[in-house]
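Take a look at the structure below.
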Amino acid sequence: MRKKIGIGLLGLGTVGTGVAKIIQKSQGRNPLVSEIEIVRIGVRELNRPRSIELPQHLLTQKPEEVIDDPSVEVVVEMMGGIEPARTLILRAISAGKSVVTANKAVIARYGEEISSAANKAGVYVLIEAAVGGGIPIIEPLKQSLGGNRIQRISGIINGTTNYILSRMAKEGTSYKNVLQDAQKLGYAEADPSADIEGGDAADKIAILCGLAFGGRIERSKIPTQGIKNVEIRDIEYAAQLGYSVKLLAIATSFETKSTNKSSIPLAAWVQPTLVANEHPLSRVNGVNNAILVEGDPIGEVMFYGPGAGAGPTASAVVADILNIAGIHSLGSTNNSLDPLLAASSWRNCHLVEPSEIIQRNYVRLNAKDTPGVIGLIGNQFGNHGVSIQSIVQFDASANDAEIVVITHEVTKGQAMKALSAIKNLPEINSITAHMGCL
Ligand code: HSE
């Protein structure tokens with residue numbers, strides 16, 4: 001009988017437990033699953049009640065023991081957070097062990113460091129579970145879409161906020177009321193601020209950018225707006241205009257024939273965005289994620305499925321373990337890495353200034369309900385080269401009016417200049433919402 005492949009888990013929370021359950025019950029799955037054996041598990045608490053039975057002697061509170069155990073060939077990091085996860089991943093690489101990780105925060109920030117260390121050591125670091133939960137998106141970008149020039153990625157890549165926005169739309173209730181449910185269901189992070197404020201989606205779009213466009217971008221420079229300020233009335237107005245509100249992460253290439261090839265200009269951002277009802281992303285509800293990839297020559301391809309939760313994330317982690325197990329099972333003595341699976345950066349990319357981002361805008365203004373106010377707003381947009389697609393007065397109560405504007409595509413710089421001029425008009429009380437529009 002062939003020797004099983006020993007894996008060591010770092011973390012036995014929701015995802016770790018999901019992974020262990022798949023490995024324990026291999027029947028009906030790919031035969032490689034039965035060739036995997038969990039030989040060591042790093043946990044925070046040894047005696048916590050768990051929904052899975054595992055021999056107690058596998059557990060240790062010292063993660064280093066998992067990495068250093070000679071029977072561990074693949075280290076599966078599912079602890080989350082930056083440290084000690086980053087250090088442990090690097091330690092595993094130095095020990096010559098391949099790593100599977102769901103840790104988007106570490107990969108988005110230290111991906112370059114980790115991938116050069118892995119290439120040097122001749123090991124793989126696979127990250128399918130880091131973006132899109134159970135949706136296969138990382139390997140398709142690395143392998144199946146490799147013949148394309150990718151132009152744009154637009155995604156709903158945070159399950160928690162999509163769950164919250166979907167329930168707000170359906171029930172007319174505020175985000176605070178539904179957040180707790182999202183946490184109970186295991187979608188939100190222990191600290192939900194990364195979900196709510198858009199940081200989780202920014203980590204994920206940074207990772208997708210690196211794979212889709214071939215070069216890493218600086219995670220900290222991604223303009224990021226979360227869902228905290230999305231009000232029920234914006235969702236209702238959007239619905240009346242034929243849109244739904246989604247937290248989108250978008251990355252787009254500005255590469256043209258005349259681009260200076262030393263570095264490719266990209267834009268990437270995270271923002272609540274109105275999505276037209278006929279757009280495929282508008283029908284993505286609940287904890288589901290979807291990633292729309294536009295490339296040449298493929299055109300548009302959309303990846304859709306459960307974006308968070310124990311089972312889907314564990315499915316992605318196990319897929320990566322199987323990829324490595326498959327290579328190990330060849331028993332190859334050739335130490336070189338499969339370049340498609342290892343997927344290093346192959347060119348330099350950089351983010352353009354946020355003011356150069358081009359998109360349509362949704363703006364909600366609170367104005368005095370006086371004659372000519374819509375004309376004044378229109379003039380200011382016009383003076384700054386911003387063309388209006390629609391302008392609607394939704395609600396006039398007492399002396400105030402609520403006015404919603406949707407612009408045509410403009411640069412963010414133009415939109416911001418127009419809005420700051422509008423804000424200074426004596427007839428305008430406030431600009432109460434500003435989102436993107438697809
Ligand atoms: N908190 C994340 C989400 C989990 O809601 O999408 C998956 O990365």
Side-chain angles (χ1 to χ4, degrees), residues 11 13-19 76-82 85 100-109 111 126-139 141 153-168 175-176 178-211 219 222 224-228 230 245-250 270-273 281 284-292 303-320:
T14 340
V15 180
T17 305
V19 169
V76 185
E77 186 276 310
M78 293 168 295
M79 310 164 79
I82 307 272
V100 171
T101 177
N103 198 322
K104 57 252 160 174
V106 167
I107 298 299
R109 289 166 185 77
L126 300 188
I127 58 166
E128 187 59 73
V131 182
I135 304 172
I137 178 65
I138 301 289
E139 291 311 318
L141 278 178
I153 294 185
S154 339
I156 295 172
I157 47 178
N158 182 266
T160 305
T161 45
N162 202 48
Y163 174 84
I164 292 172
L165 290 172
S166 304
R167 277 195 55 188
M168 283 170 75
Y175 95 86
K176 272 190 196 138
V178 283
L179 174 60
Q180 275 185 341
D181 278 352
Q183 281 176 303
K184 268 192 227 140
L185 292 164
Y187 307 149
E189 308 293 325
D191 172 4
S193 53
D195 293 310
I196 301 304
E197 285 163 20
D200 178 83
D203 287 348
K204 291 169 178 169
I205 198 71
I207 293 171
L208 294 182
C209 253
L211 295 170
R219 159 65 183 87
I222 299 177
T224 303
Q225 183 185 334
I227 64 161
K228 257 188 178 159
V230 176
V245 177
K246 302 287 180 194
L247 183 69
L248 292 194
I250 298 178
V270 174
Q271 191 180 27
T273 304
L281 288 173
V284 178
N285 288 315
V287 73
N288 289 308
N289 280 192
I291 301 122
L292 183 70
F303 298 80
Y304 167 83
T313 313
S315 156
V317 168
V318 173
D320 280 346

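Remember, it's 1-based here, ligands and their atoms both numbered in the order they're listed. Side chains included, hydrogens not; waters and symmetry mates left out as well; all remaining heavy atoms used.
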Q. For ligand 1, which atoms, with element, lie under 4.0 Å from some heavy atom of Asn158?
A. 2 (C), 3 (C), 5 (O), 6 (O)
(Q) Using a plain distance cutoff, I'd like to know if Asn289 has any nitrogen or oxygen under 3.5 Å from a nitrogen or oxygen of ligand 1. (A) no
Q) Closest non-hydrogen protein atom to atom 2 (C) of ligand 1, residue and atom name please, with distance? A) Glu189 OE2, 3.2 Å
Q: Go through the side-chain N and O atoms of Asn285 and Lys246 and say whether any donor and acceptor fall under 3.5 Å apart.
A: yes
Q.
Below a 4.0 angstrom heavy-atom separation, can you tell me which part of Thr160, side chain or backbone, both or neither, approaches ligand 1?
A. both
Q) Which ligand 1 atoms are under 4.0 Å away from a heavy-atom of Lys204? A) 2 (C), 3 (C), 6 (O), 7 (C), 8 (O)
(Q) Applying side-chain contact (heavy atoms from CB on, under 4.5 Å) to Ile196 and Ile164, what does each step give before you reach the verdict? (A) CA-CA 9 Å; Ile196 301 304; Ile164 292 172; 3.7 Å; yes
Q: Decide whether the shortest distance between a heavy atom of Gly133 and an atom of ligand 1 is less than 4.0 Å.
A: no
Q) Is there a side-chain contact (heavy atoms from CB on, under 4.5 Å) between Thr101 and Asp320 once you walk through the steps? A) CA-CA 9 Å; Thr101 177; Asp320 280 346; over 6 Å; no
**Q.** Proximal atoms of ligand 1 relative to Asp195 (non-hydrogen, under 4.0 Å)
**A.** 1 (N), 2 (C), 3 (C), 5 (O)
Q. Taking only heavy atoms of Gly159, which atoms of ligand 1 are found under 4.0 Å from at least one of them?
A. 3 (C), 5 (O), 6 (O)
Q) When you look at Leu281 and Ile156, which way does the side-chain contact (heavy atoms from CB on, under 4.5 Å) test go after all the steps? A) CA-CA 7 Å; Leu281 288 173; Ile156 295 172; 4.3 Å; yes
Q) After noting the C-alpha distance and the side-chain angles of Leu165 and Ile227, does the key distance pass the side-chain contact (heavy atoms from CB on, under 4.5 Å) rule? A) CA-CA 8 Å; Leu165 290 172; Ile227 64 161; 4.0 Å; yes
Q: Could you check Ile107, Leu211, Ile207, Asn289 and say which one makes a side-chain contact (heavy atoms from CB on, under 4.5 Å) with Val131?
A: Ile207
